Amino acid sequence: MCGTTPRPLASGSEGAQTTLQQEYHKSMTLVEAEGLAVKILKQVMEEKLNSTNIEIASVTTAAKKMRFYSKEEVEEIMRRVGA
């Protein structure tokens with residue numbers, strides 16, 4: 001579950017904002033949030049997404065600290081969303 005309302009920044013933010021409004025919900029799982037984040041990055045980034053030009057991190061209420069994802073985890077999320 002996400003604790004804050006996300007807001008897109010940078011170029012392409014209008015499309016990203018629309019996607020967030022359509023797909024974000026406060027009860028989404030971490031897996032759903034990961035997928036949505038990568039989907040939006042795919043929309044706004046000029047170059048093709050790969051595991052070396054994006055980084056993903058999460059902060060959960062259980063861990064109470066930031067965890068950066070490995071290259072393999074990023075690739076798996078990208079596969080899940082077709083990025």
Side-chain angles (χ1 to χ4, degrees):
M1 180 165 35
C2 296
T4 63
T5 304
R7 303 257 187 262
L9 303 173
S11 65
S13 66
E14 188 172 310
Q17 184 68 39
T18 299
T19 300
L20 277 172
Q21 288 173 344
Q22 292 173 346
E23 298 188 29
Y24 174 79
H25 54 90
K26 290 185 179 199
S27 62
M28 70 186 343
T29 66
L30 180 57
V31 170
E32 291 171 321
E34 293 166 347
L36 181 56
V38 170
K39 181 178 180 179
I40 291 170
L41 279 173
K42 184 178 177 183
Q43 286 179 340
V44 300
M45 285 185 63
E46 292 179 9
E47 58 186 286
K48 183 176 169 73
L49 288 185
N50 61 59
S51 61
T52 59
N53 68 359
I54 66 168
E55 289 183 301
I56 299 175
S58 63
V59 179
T60 62
T61 55
K64 296 184 182 175
K65 62 180 182 178
M66 184 178 290
R67 182 183 78 82
F68 285 90
Y69 291 41
S70 68
K71 178 181 177 183
E72 292 77 21
E73 290 172 308
V74 172
E75 289 170 350
E76 175 56 32
I77 295 166
M78 291 172 61
R79 273 193 292 278
R80 278 197 326 248
V81 298

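The structure presented is a predicted model; accordingly, all values stated were derived computationally and were not measured. The chain is numbered in sequence order, starting from 1.
- For T60, there are no side-chain hydrogen bond (donor to acceptor under 3.5 Å, both in side chains) partners two or more places apart in sequence or in a different chain.
- Rounded to the nearest 0.5 Å, atoms NZ (K39) and CG (L41) are 13.0 Å apart.
- When side chains are defined from C-beta on, Y69 counts as touching I77, because their heavy atoms get closer than 4.5 Å.
- Heavy atoms from other residues, nucleotides or ligands lying under 6.0 Å from CD of E55 number 12 at most.
- Atom CE of M78 is separated from atom CD of E34 by 13.5 Å, given to the nearest 0.5 angstrom.
- Looking at every heavy atom in both residues, E75 comes nearest to S51 through OE2-OG, 2.9 Å.
- Not counting sequence neighbours, the partners of E47 by the side-chain hydrogen bond (donor to acceptor under 3.5 Å, both in side chains) test are N53.
- A 4.5 Å side-chain heavy-atom check between Y24 and L36 finds at least one atom pair inside the cut-off.
- A side-chain donor-acceptor contact under 3.5 Å links Q43 and T19.
- Proximity of a side-chain donor or acceptor of K42 to a complementary backbone N or O of V81 within less than 3.5 Å is not detected.
- Once rounded to the nearest 0.5 Å, the distance linking CD1 of I56 with NZ of K71 reads 14.0 Å.
- Here the side chains of M45 and I54 are in contact, with some heavy-atom distance below 4.5 Å.
- Without hydrogens or angle criteria, E23 side chain to L20 main chain gives no donor-acceptor distance under 3.5 Å.
- Between R80 and V31 the shortest heavy-atom distance is NH2-O, 3.4 Å.
- A donor-acceptor distance shorter than 3.5 angstrom exists from the side chain of E73 to the backbone of S70, with no hydrogens or angles considered.
- The nearest pair of heavy atoms linking A16 to I40 is CB-CG2, 3.5 Å.
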